[in-house]
Enquirer: 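Encoded as structure tokens, here's the structure I'll be asking about.
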Amino acid sequence: MTETHAVIGIDIGSISISIADVGPEGTVGKTAYGSHRGKIEETLENLLSGFDLAACRGFAVTSSSPAVVKGAARYDGRVSVITAAKRLHERFGSILIVGGEKFGLALFDESGEYLNYRSNTSCAAGTGSFLDQQASRLNLSGIREFSERAFRNSGPVPKIASRCAVFAKTDLIHAQQEGYSLDEICDGLSYGLVKNIADTLFSNVNPAGPIIFCGGVSLNRAVAKHFASVLDVEIVTGEHSHLYGAIGAALCLHEEGRALGAPGPASPSGLILRREKKKEYYYDPLSLRLSTYPDFTGSGRYEYAPRHVEGSVPVEVDVYEPIPAGPHSVYLGIDIGSTSTKAAVLDEAGRVVAGLYTRTSGRPVAAVQALFECLDDLAAARGASFDVV
């Protein structure tokens, strides 16, 4: 139940939105967290629909949040996180914040006074968005499945360079070719991320423990486990570690005593400012004038769902040339990448008869098996057979 004179804190980052209902004594009530995928106002309205806004007496947002909340007090994001950590933890020596595009380390002296702050560059490698990208590349349902797979891994961990998405893609291909499982690959990515952050933030510094680990990536238990191992220090992840920005902003408003305003609106639509979205283009659109583009239109296109390959995903099939009944001598080309696996069937004259495409999903052997099953089905459906020469 929402407390009387409660404040709702909101933290809108590059990837996600976190919301927390915080009472005057600092107790955390209802919370919400979700990815906005660029649709900030729509996602915020949806998340706020579960809160009793009319019982709220104030709204606070972090400074990184866009101006979409009417009448909200704004507080520095770093100050908000530190405020939350000090309220929710009895003691700590440092605070490690890892979000969607930024990570940083706040250092404190023995008496708990703030010393300084270290952070990454503008490159998002080693952050939440990097892991989100890899989860998509591996065809996982999302970062939650990625984190669960990484945490339950009990096998060896492949070396994957997490300092660069391009290098990581190459290492993913090598790991797949060497036979590492999907759980091992996810764990290897998590470990690589930890090493990248450790090398960036903890060089020439020996932070006092325990370290409070917060931000969206703190939900990844595999990452927390690797931090404890790499840094050889106690890592503390609180129940609301991914919400510290929102909680801290609300606490800052409480501390200022400005939270006793009029009741909030009856619905989220009365709280959210709708920004005018207008695209502007500085150059004319590209047009093809100096050459012709190949026509990839085929005589048929469909999706095939493999029935005999466990864990496979649908195969996209394009048929470019007629396939009469009877035997056909063909050439088969296969390309296995970190994201997709493709096959092309050519006749003896070199014409492309059919093309197949599926997601590798971290399982290259299964992906190729799915293509082979699809080829058999393609031929059988036409009373034909392929003799790969």
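None of these values were measured; they are calculated from a predicted model. Reckoned from all heavy atoms, side chains included, excluding hydrogens, waters and symmetry mates. By convention here, the first residue in the shown sequence is residue 1.
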Enquirer: What I want to check is whether the side chains of Tyr75 and Glu256 have a donor and an acceptor closer together than 3.5 Å.
Expert: yes
Enquirer: Do Val79 and Val81 belong to the same hydrophobic cluster, where Ile, Leu, Val, Met, Phe, Trp and Tyr are linked whenever their side-chain heavy atoms lie under 4.5 Å apart, directly or via other members?
Expert: no
Enquirer: When rounded to the nearest 0.5 angstrom, what distance separates CZ in Arg137 from OG in Ser338?
Expert: 4.5 Å
Enquirer: Please answer whether the main-chain N or O of Gln369 pairs with a side-chain N or O of His308 as donor and acceptor at a distance below 3.5 Å.
Expert: no
Enquirer: Considering residues, nucleotides and ligands other than Asn116, do more than 12 of their heavy atoms fall under 6.0 Å from its CG?
Expert: yes
Enquirer: Do you know which two heavy atoms are closest between Thr43 and Ser35, and how far apart they sit?
Expert: CG2-O, 3.7 Å
Enquirer: Find out whether the Lys NZ or Arg CZ of Arg78 is both under 6.0 angstrom from the six-membered ring centre of Tyr117 and within 45° of the ring's axis.
Expert: yes
Enquirer: Pairing donors with acceptors under 3.5 angstrom, does anything connect the side chains of Ser181 and Asp183?
Expert: no
Enquirer: Just by distance, do the side chain of His254 and the backbone of Gly23 share a donor-acceptor pair under 3.5 Å?
Expert: yes
Enquirer: Do you know which two heavy atoms are closest between Ser80 and Thr62, and how far apart they sit?
Expert: OG-CG2, 4.0 Å
Enquirer: Just by modelled atom types, is the Ile12 backbone N or O under 3.5 Å from a matching donor or acceptor in the Ser65 side chain?
Expert: yes
Enquirer: Tell me, do Lys159 and Asp171 make a side-chain contact under 4.5 Å, heavy atoms counted?
Expert: no
Enquirer: Are any side-chain N or O atoms of Thr360 and backbone N or O atoms of Arg363, one a donor and one an acceptor, separated by less than 3.5 Å?
Expert: no
Enquirer: Within a reach of under 6.0 Å around OH of Tyr191, are more than 12 heavy atoms found that belong to other residues, nucleotides or ligands?
Expert: no
Enquirer: Just wondering, more than 12 heavy atoms not from Glu178 lying within 6.0 Å of its CD?
Expert: yes
Enquirer: What closest approach, in Å, do Asp11 and Ala246 show between heavy atoms, and which atom pair accounts for it?
Expert: CB-N, 3.6 Å
Enquirer: So, the side chain of His328 versus the backbone of Val330: is there a donor-acceptor pair under 3.5 Å, distance only?
Expert: no
Enquirer: Pick out which of Ser312, Cys374, Pro314 makes a side chain to side chain contact (heavy atoms under 4.5 Å, CB included) with Tyr304.
Expert: Cys374
Enquirer: Give a yes or no on whether the backbone of Leu201 and the side-chain of Arg118 come within a donor-acceptor separation of less than 3.5 Å.
Expert: yes
Enquirer: I'd like to check Phe51 versus Cys56 (side-chain heavy atoms, cut-off strictly below 4.5 Å). Are they in contact?
Expert: no
Enquirer: Assess, by modelled atom type and distance only, whether the side chains of Arg289 and Ser287 contain a donor and an acceptor separated by less than 3.5 Å.
Expert: yes
Enquirer: Does a donor on one side chain sit under 3.5 Å from an acceptor on the other, for Ser16 and Tyr33?
Expert: yes
Enquirer: Is Thr200 reaching over with its side chain to a backbone N or O of Asn196, donor-acceptor style, under 3.5 angstrom?
Expert: yes
Enquirer: More than 12 heavy atoms of other residues, nucleotides or ligands under 6.0 Å from CZ of Arg301: is that the case?
Expert: no
Enquirer: If we only count heavy atoms from C-beta on, is the Ile212 to Tyr244 side-chain gap below 4.5 Å?
Expert: yes
Enquirer: Kindly say whether Arg307 contributes a backbone atom to a donor-acceptor pair with the side chain of Glu373 at under 3.5 angstrom?
Expert: yes
Enquirer: What I'd like to find out is whether the side chain of Arg91 reaches to under 4.5 Å of the side chain of Pro210, using heavy atoms alone.
Expert: yes
Enquirer: Side-chain contact test, heavy atoms from C-beta onward, threshold under 4.5 Å: evaluate it for Val22 versus Thr27 and give yes or no.
Expert: no
Enquirer: Treat each ILVMFWY residue as a node, draw an edge where side-chain heavy atoms are under 4.5 Å apart, and state whether Val98 and Ile143 are in one component.
Expert: yes
Enquirer: Does any N or O in the side chain of Ser190 come within less than 3.5 Å of the main-chain N or O of Cys186, such that one atom is a donor and the other an acceptor?
Expert: yes
Enquirer: Please determine if Lys342 forms a cation-pi arrangement with Tyr357, meaning its NZ or CZ atom is less than 6.0 Å from the six-membered ring centre and no more than 45° off the ring axis.
Expert: no
Enquirer: Taking the side chain as every heavy atom from C-beta outward, state whether Val7 and Phe59 have any atom pair closer than 4.5 Å.
Expert: no
Enquirer: Would you say that more than 12 heavy atoms from the other residues, nucleotides or ligands in this model lie under 6.0 Å from the CZ of Arg37, or not?
Expert: no
Enquirer: Can you establish whether the number of heavy atoms outside Arg382 located under 6.0 Å from its atom CZ is more than 12?
Expert: yes
Enquirer: Output yes when a side-chain donor or acceptor of Ser218 lies under 3.5 Å from a complementary backbone atom of Thr237, and no otherwise.
Expert: no
